[in-house]
Every structure is written in structure tokens, then in C-alpha cells.
Asker: 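Would you mind keeping the following structure in view while I ask a few things?
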Amino acid sequence: MSLDSTDILSQAPDGSVQVRIDADINDYLNYASWQNSVPLIRSLEIVNPTETTLNDLVLELEITPGFARSRKWIIDRLEGKGSHLIRDRHLEMEGAYLSGLNEAERGDLVFRLSHRDKLLCELRKPLRVLARDEWGGMNSMPEILAAFVMPNDPAIPPLLKSSSAILVKHGHSSALDGYQSKDPQKVFLQVAALWSAISEKNLTYANPPSSFEEVGQKVRRPSRVIKEGLATCLDSTLLFASALEAMGLHPVIVMQRGHCFVGVWLIEDTLDRLIEPECLEIRKARSLSEMILFETTMITQQPAVSLDQAMERADFEIRESEEQSFYAAIDIKRARMVQVRPLASHDSELVSTEQLARVAPALPTFPGLGDAGLTFGGGEEEEKPTTPDSRIDRWQRKLLDLS
């Protein structure tokens, strides 16, 4: 999906150079970007290349369709060979319109600059107004994907309750206490129990649209995934990320060319950047057993597969030889730190957790710590590195230990 962003400028009848409008806007707008205060107009400037100083200018903005209210700016004076930067670019959005949009629409922002009722120039900027449950892709709004990680969705509490029961069944504590224990092994067991709980839902794989990682796609909220039993790789990834965050853990979404899967920190940590473009950083965390990754689409396989198998597949995907497929990793905790908040769920009905349950056991075996390819170490807790250099030193020592 490409967007025609050609600017349309009116010119003086004689073709001479005249005042112009320079505007930089986001190509996409949706309910999530509005909820998280992502500015639609990134910059707006009036440029006067002529020698003439102009007074009493009016800049008007017309918006179609009605996803936001029109605006007007008064510019008292515009110097010749000068420019005027408009700093107040806030638009009053119509939240009900954006929330109720089921399909994407084409929109237009039309800027008109007038001098004493005489039109000087016009600038038209097209954009796409996305459906409420539609993400715009890594090209335009990568960080907004974190808004679709919804730990408070009605489908999540029943999954956590099932995870707790699975832990008890296998002789472990029922507590889903995140990182409170400061024990990576216990965190891993919580993740394994969640895998078992979701595997009971008998999900079916749905094929995503091509190039979804770049241009985005409609996503199914967790409650819809559980209710309908269908999930693309992005749907299943967001489902797991939502439940992991509800547990108090820090999920990471790994985006590849045409695919994605999830990771989770086993220690209370984050990536150094919200959007991490280097696969090496993910491999480091994995090799240190600070993070695990797993292929979420394997939750749809019949018969059910173990978390260990899903981890093996994800480890294969981040190998150096596969690095050309890596796009970026999105750290959800980092997103929350910069105020990217989850979308509110408007579904008040609890999801039935029984209608899709499988008759057979969820998993042939509960994952064991020795089967997961993890090296937690033992004895005295190792001091956490505080600088990039110290982290690299620890990573190198671990590699020597593994060899």
C-alpha cells in the first residue's frame, strides 16, 4: 500500500515565484496514534522568497473527511526573504469518528494562505485514516504497535488463571509475580505455563497480508483471537505480548521481513532503544539467557508442540546467517516509558474459555528447565552491568564459558 504524497501548490498567473507553504505530516492516522498524542502535523512553515514584506496573512486548514476540526492561524507579519514557523500545530481530533472507523479511508489536509482575502497559495497533503484496529506498519508508526499490546483485554485474566493452575499441576508455585522473585528460572516457568494455557485454545493460523511489516495490517485484539480462534503471526505475537505484560514481564516484538514473533526478558531489563534495528543486540541477550524468544505461530500446530520447540525455531530465525530477514525489535517496556499506552478495550463481555478448548491435553509434557537451552548459572548472583562495555565483557565471558 503506497500513499501518493505529491504536493499541489498554486502559482501566480504569470508563473513567478511566490510565497509557499511547507508542511510535513504523518502519512497515517488512527485511533491509537490519537490516543497516544502522536502529532499529525510534524512541521508547518510559511516561506516568503520574494522581497516584499506581507502583513495580515491568514492560513486556513480544511480537513476531509471529518476526523478533525479545521483550524485557522493569523500571521501578522511575514518578512521578505524570510519565513514564519508555526509552532502551535495541535489539531482537535474527533475521537468518536476514529474509534468507529471499520475500514481505512483516504483523507486530505488542504492548507490555504490568504492575504486580505486574496488567495496566495494552496497546499494539499493526502493521508490514510486507518481503521480502529489497524496498525500502519514500521514505515510510518513502528512505536504505535505497542498500543495494540493490551494487557487489560477481557481475554487475558482467564489465560493468567489457567497459567497459574498449570504451574500448580506441575508442582510449582501458583504465583504469577513477574520479576519479584529475581529468579530467571521462575520467570521462564511462568512463560511456559502461559504457552500451555494458550495452546488449549485450539487456534488456527491465518495468513497475513504481504509486506505487513512495512505497511501494516488490521489486527485482532486478544479477545477476538480467543473468540474466533484465528491468528496471523502478528495476532498471536500481540496476544502473547499482552499476556506477558499482564504478568508483569517485559515482552519484545521481533519484526522480520514478512513475519514476526515474540521475546520476553527473563530479568527485569529492557533494550537500550525502543526500536532496536540491530539483531546483534537480541542475540546478545539470548546468549546470556537474559531473554528467550519463541515462534508464536507454532501455537496453532496440531498436535500441540512444546515451548522448547518454539524457542528453537526463534533461535534459528535470529542466527547471523538469517540476519538479512531481521527488520527491528520493539521493546514494549521502553514504549511504556515514553507514554505509548495500550488501547482501551471496549468489549465488556468475558470471553468463553471453554468453547475452543481441545479435548486432548494441551501439551505432551511441561517444559523442563534443562531442555530449554538456557544457562542460568548458580550460586552468588552476578552483578548487573551498568555500561555497554561491561555488558559486552560479560557477554564475551559467557561465550567462553559455553565453549
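Remember, it's a predicted structure, so these values are computed and weren't measured experimentally. Numbering starts at 1 and runs along the sequence shown.
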Asker: Between I41 and L61, is any pair of side-chain heavy atoms under 4.5 Å apart?
Answerer: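 Yes - at least one pair of side-chain heavy atoms lies under 4.5 Å apart.
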
Asker: Out of E278, E323, E320, which residue meets the side chain to side chain donor-acceptor pair (under 3.5 Å) rule with R283?
Answerer: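 Running side chain to side chain donor-acceptor pair (under 3.5 Å) over E278, E323, E320 with R283 returns exactly one hit, E323.
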
Asker: Output the distance between atom CG (D76) and atom CG (L78), rounded to the nearest 0.5 Å.
Answerer: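 Answer rounded to 0.5 Å: 11.0 Å.
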
Asker: Closer than 3.5 angstrom, by distance alone: can the side chain of N30 be matched with the main-chain N or O of L130 as a donor-acceptor pair?
Answerer: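 Not at all, since once roles are kept as given, no pair shorter than 3.5 Å links the two residues.
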
Asker: Using only atom types and a distance under 3.5 Å, with no angle test, would you say the side chain of S163 pairs donor to acceptor with the backbone of L159?
Answerer: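 Yes; judged by distance alone, with no hydrogens or angles, the pair exists.
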
Asker: Please determine whether the number of non-hydrogen atoms from other residues, nucleotides or ligands lying under 6.0 Å from atom CD of E103 exceeds 12.
Answerer: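 Result for CD/E103: open.
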
Asker: Is the shortest distance from a Lys or Arg side-chain nitrogen in D88 or R71 to a carboxylate oxygen in the other one below 4.0 Å?
Answerer: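 R71 and D88: salt-bridged.
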
Asker: What is the minimum heavy-atom distance between P222 and I156, and which atoms define it?
Answerer: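 In this case the closest contact between P222 and I156 is CB-CD1, 4.0 Å.
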
Asker: Is a side-chain donor or acceptor of R42 paired with a backbone partner of I25 at a separation under 3.5 angstrom?
Answerer: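 Yes, R42 side chain to I25 backbone: donor-acceptor pair under 3.5 Å.
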
Asker: Should the pair K186-D177 be classified as a salt bridge under the 4.0 Å nitrogen-to-oxygen rule?
Answerer: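 Yes, this pair counts.
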
Asker: Please walk me through it: do I74 and V58 pass side-chain contact (heavy atoms from CB on, under 4.5 Å)?
Answerer: CA-CA 5 Å; I74 305 299; V58 177; 3.8 Å; yes

Asker: Can you tell if the side chain of H250 reaches within under 4.5 Å of the side chain of Y179, non-hydrogen atoms only?
Answerer: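 Contact flag for H250/Y179 side chains = yes.
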
Asker: So W195 and F240, would you call those rings parallel, tilted or perpendicular, with 30° and 60° as cut-offs?
Answerer: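 Parallel, since the angle between the ring planes stays under 30°.
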
Asker: Could you go through V264 and V252, starting from their C-alpha distance and side-chain angles, then the distance that decides it, and tell me whether this counts as side-chain contact (heavy atoms from CB on, under 4.5 Å)?
Answerer: CA-CA 6 Å; V264 60; V252 173; over 6 Å; no

Asker: Test of understanding: with ring-ring contact (aromatic ring centres under 6.0 Å, His included), list the residues that count as partners of W73, not counting sequence neighbours.
Answerer: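 Here no residue qualifies.
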
Asker: Please report the interatomic distance CG(L145) to CE(M138), rounded to the nearest 0.5 Å.
Answerer: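 Interatomic distance, L145 CG to M138 CE, rounded to 0.5 Å: 8.0 Å.
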
Asker: Ion pair present between E79 and K81, side-chain N to carboxylate O less than 4.0 angstrom?
Answerer: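 A salt bridge is absent here (no side-chain N lies under 4.0 Å from a carboxylate O).
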
Asker: Rounded to the nearest 0.5 Å, how far does CE of M311 lie from OG of S306?
Answerer: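 Between atom OG of S306 and atom CE of M311 there are 9.5 Å.
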
Asker: Do Q256 and S325 have side-chain N/O donor and acceptor atoms under 3.5 Å apart?
Answerer: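 Distance-only check fails for Q256 and S325.
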
Asker: Please round to the nearest 0.5 Å and tell me the distance separating atom CG of L101 and atom CG of D133.
Answerer: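 Answer rounded to 0.5 Å: 10.5 Å.
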
Asker: For the pair D183 (side chain) and Q185 (backbone), establish whether a donor and an acceptor sit closer than 3.5 Å, ignoring hydrogens and angles.
Answerer: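 Yes: the side chain of D183 pairs with the backbone of Q185.
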
Asker: What's the spacing between L109 CG and L40 CG if we round to 0.5 Å?
Answerer: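 With rounding to 0.5 Å, CG (L109) is 5.5 Å from CG (L40).
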
Asker: Could you tell me which non-hydrogen atom of G80 sits nearest to which non-hydrogen atom of N48, and how far apart they are?
Answerer: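 Taking every non-hydrogen atom into account, CA-ND2, 3.6 Å.
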
Asker: Would the distance check show the side chain of S174 and the main-chain N or O of S164 forming a donor-acceptor pair, the cut-off being under 3.5 Å?
Answerer: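 No: the side chain of S174 does not pair with the backbone of S164.
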
Asker: Does the side chain of L244 reach to within under 4.5 Å of the side chain of I332, using non-hydrogen atoms?
Answerer: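 Heavy-atom side-chain distance check fails, nothing below 4.5 Å.
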
Asker: Between I144 and Y28, is there a side-chain heavy-atom distance shorter than 4.5 Å?
Answerer: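 Side chain of Y28 against side chain of I144, heavy atoms only: no contact under 4.5 Å found.
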
Asker: Among T297, T232, T296, which one satisfies side chain to side chain donor-acceptor pair (under 3.5 Å) with T237?
Answerer: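 Of the listed residues T297, T232, T296, the side chain to side chain donor-acceptor pair (under 3.5 Å) partner of T237 is T296.
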
Asker: So which heavy atom on A23 is nearest to which on K125, and how close?
Answerer: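 Looks like O-CE, 3.1 Å.
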
Asker: Count the heavy atoms belonging to other residues, nucleotides or ligands that lie under 6.0 Å from CG of D117, then report whether that count exceeds 12.
Answerer: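 No, not enclosed.
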
Asker: Start with the C-alpha distance between R112 and E62, add both sets of side-chain angles, then the distance that settles side-chain contact (heavy atoms from CB on, under 4.5 Å), and finish with yes or no.
Answerer: CA-CA 8 Å; R112 295 187 179 95; E62 178 185 341; 2.7 Å; yes

Asker: Grab the two heavy atoms, one from A193 and one from L167, that are nearest each other, plus how far apart they are.
Answerer: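 Shortest heavy-atom separation between A193 and L167 comes out as CB-CG, 3.7 Å.
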
Asker: Please evaluate residues L238 and V225 with respect to the criterion side-chain contact (heavy atoms from CB on, under 4.5 Å), reporting the C-alpha separation (whole Å), side-chain torsions for both, the decisive distance (0.1 Å), and the verdict.
Answerer: CA-CA 10 Å; L238 293 173; V225 170; over 6 Å; no

Asker: Does R319, at its CZ atom, have more than 12 non-hydrogen atoms belonging to other residues, nucleotides or ligands within less than 6.0 Å?
Answerer: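 Buried by this count: over 12 neighbours within 6.0 Å.
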
Asker: For the backbone of V110 and the side chain of D108, can you confirm whether one donor and one acceptor N or O come within less than 3.5 Å of each other?
Answerer: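 Side chain of D108 to backbone of V110: no pair is present.
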
Asker: If you look at every heavy atom in Q18 and C121, which pair is closest and at what distance?
Answerer: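 Answer, listing the atom of Q18 first, then C121: NE2-CB, 3.9 Å.
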
Asker: Does E45 come within less than 4.0 Å of R89, counting only side-chain N to carboxylate O?
Answerer: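 A salt bridge is absent here (no side-chain N lies under 4.0 Å from a carboxylate O).
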
Asker: Determine whether a donor-acceptor pair (N or O, by modelled atom type, separation under 3.5 Å) exists between the side chain of D153 and the backbone of S223.
Answerer: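 At least one qualifying donor-acceptor pair exists.
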
Asker: Ignoring hydrogens and geometry, is there a side-chain-to-backbone donor-acceptor pair from D331 to R273 under 3.5 Å?
Answerer: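 Between the backbone of R273 and the side chain of D331 there is no qualifying donor-acceptor contact (under 3.5 Å).
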
Asker: Quick one, V47 and V19 - any side-chain contact, counting heavy atoms below 4.5 Å?
Answerer: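 No - every pair of side-chain heavy atoms lies 4.5 Å or more apart.
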
Asker: Of all heavy-atom pairs between S33 and L29, which one has the smallest distance, and what is that distance?
Answerer: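 Closest heavy-atom pair between S33 and L29: OG-CD1, 3.5 Å.
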
Asker: Rounded to the nearest 0.5 Å, what separation is found between the OG atom of S196 and the NE2 atom of H170?
Answerer: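 Result: 6.0 Å between the selected atoms.
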
Asker: Only one of R336, R334, M337 passes side-chain contact (heavy atoms from CB on, under 4.5 Å) with L274; say which it is.
Answerer: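 The side-chain contact (heavy atoms from CB on, under 4.5 Å) with L274 is passed solely by R334 among R336, R334, M337.
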
Asker: Under 6.0 Å between the ring centres of F212 and W135?
Answerer: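 No, the ring of F212 stays outside the 6.0 Å limit from the ring of W135, centre to centre.
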
Asker: Find out whether L239 and L203 are in side-chain contact, i.e. whether some heavy atom of one side chain is under 4.5 Å from a heavy atom of the other.
Answerer: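 In contact.
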
Asker: Find out whether W265 and M291 are in side-chain contact, i.e. whether some heavy atom of one side chain is under 4.5 Å from a heavy atom of the other.
Answerer: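 Yes, their side chains come closer than 4.5 Å.
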
Asker: For the residue pair D235 and Q217, establish whether any side-chain heavy-atom pair is separated by less than 4.5 Å.
Answerer: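 Of all side-chain heavy-atom pairs linking Q217 with D235, at least one is under 4.5 Å.
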
